[in-house]
Amino acid sequence: MAARLGSPTVVVGGAVVLALLCLVARRPKAAVFALVAAPAAGFVTEYVLKPAVHREQHVNALLFPIGHTTGAFALALTVVVLLLPHEGTRLLPALARMVVGIAALAVAGLVAVAVVALGWHYVTDAVGGVVTAVVVVLGVAAALDLAWRRRVVY
């Protein structure tokens with residue numbers, strides 16, 4: 001059950017919900033980030049890294065990095081970035097932001113543990129998924145921030 005929390009359907013659905021919450025909070029730039037970050041990490045995993053590494057298991061499925069782990073951590077990291085203090089708005093107190101961020105990361109960690117415990121992947125596949133999520137989510141945040149400062153997007 002926990003492994004399914006990193007499925008593409010859950011990740012994209014979560015990204016849409018986060019984007020809608022950002023729009024309600026009048027944070028359109030954050031909504032764009034929410035819609036782009038986690039799906040971009042999934043794209044990099046499935047269409048760039050898995051074919052490039054080409055690690056297979058006995059079922060002829062590409063393993064590295066784990067898509068479910070990448071998705072779960074990408075969504076969790078998106079939540080964490082969105083909860084960082086920002087100018088002009090204080091939606092939640094600092095303690096609530098910290099609790100929500102830790103909970104999101106804990107759920108993502110549960111997904112990583114579940115797919116390894118089920119024997120679907122190796123630990124290194126999970127680590128690859130976490131690293132991919134961190135690099136892509138933070139890269140998207142930086143790219144969108146730079147683009148906004150230069151008024152290229154939004």
Side-chain angles (χ1 to χ4, degrees), residues 1-53 57 59 61-86 89-93 95-123 125-145 147-148 153-154:
M1 174 72 175
R4 292 191 176 137
L5 294 175
S7 72
T9 304
V10 172
V11 172
V12 171
V16 169
V17 168
L18 288 174
L20 291 173
L21 290 172
C22 290
L23 290 174
V24 167
R26 296 186 177 140
R27 294 180 63 196
K29 293 183 288 183
V32 171
F33 169 70
L35 280 176
V36 173
F43 179 86
V44 168
T45 294
E46 297 300 323
Y47 298 105
V48 178
L49 295 176
K50 280 187 177 186
V53 174
Q57 199 175 31
V59 292
L62 296 176
L63 298 178
F64 183 89
I66 303 174
H68 284 74
T69 300
T70 302
F73 270 93
L75 194 57
L77 290 167
T78 300
V79 168
V80 169
V81 169
L82 290 173
L83 290 174
L84 291 173
H86 59 281
T89 308
R90 245 190 254 200
L91 294 176
L92 295 172
L95 180 62
R97 288 194 310 261
M98 187 171 65
V99 168
V100 170
I102 290 170
L105 291 170
V107 170
L110 184 62
V111 171
V113 168
V115 293
V116 172
L118 289 168
W120 296 353
H121 289 274
Y122 303 109
V123 172
D125 301 333
V127 171
V130 173
V131 171
T132 301
V134 169
V135 169
V136 173
V137 170
L138 296 182
V140 167
L144 289 175
D145 187 51
W148 173 250
V153 295
Y154 304 107

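Residues take their numbers from the sequence shown, with the count starting at 1. Here the structure is a predicted model, which means the values were calculated and not measured.
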Next on the checklist: My understanding is that only residues two or more places apart in sequence, or in another chain, count here; which of them pass side-chain contact (heavy atoms from CB on, under 4.5 Å) with Ala143?
Outcome noted: none
Item to check | Nearest atoms (heavy-atom pairs only) where Pro28 meets Leu23 | outcome: CA-CD2, 4.1 Å
Next on the checklist: Nearest 0.5 angstrom please: Leu84 CG to Arg97 CZ, how far?
Outcome noted: 8.0 Å
Next on the checklist: Please give me the minimum heavy-atom distance between Leu35 and Ala19, naming the atom from each residue.
Outcome noted: CG-CB, 3.5 Å
Checklist entry - If we only count heavy atoms from C-beta on, is the Val44 to Thr132 side-chain gap below 4.5 Å? => result yes
Checklist entry - Looking at Ala133 and Ala41, what are the two nearest heavy atoms and their distance? => result CA-CB, 4.5 Å
Checklist entry - Which atoms form the tightest heavy-atom contact between Ala126 and Val116, and what is the distance? => result CB-CG2, 4.1 Å
Checklist entry - What is the minimum heavy-atom distance between Ala15 and Pro39, and which atoms define it? => result CB-CD, 4.2 Å
Checklist entry - Who are the side-chain contact (heavy atoms from CB on, under 4.5 Å) partners of Val99, not counting sequence neighbours? => result Leu95
Checklist outcome for this item: Closest non-hydrogen atoms of Thr78 and Ala38, given as atom of the first, atom of the second and distance, are OG1-N, 4.1 Å
Next on the checklist: Within this structure, what is the CZ-CG distance for the pair Arg27 and Leu18, rounded to the nearest 0.5 Å?
Outcome noted: 10.5 Å
Checklist entry - Partners of Leu105 by side-chain contact (heavy atoms from CB on, under 4.5 Å), sequence neighbours excluded? => result Phe73, Ala76, Leu77, Val80
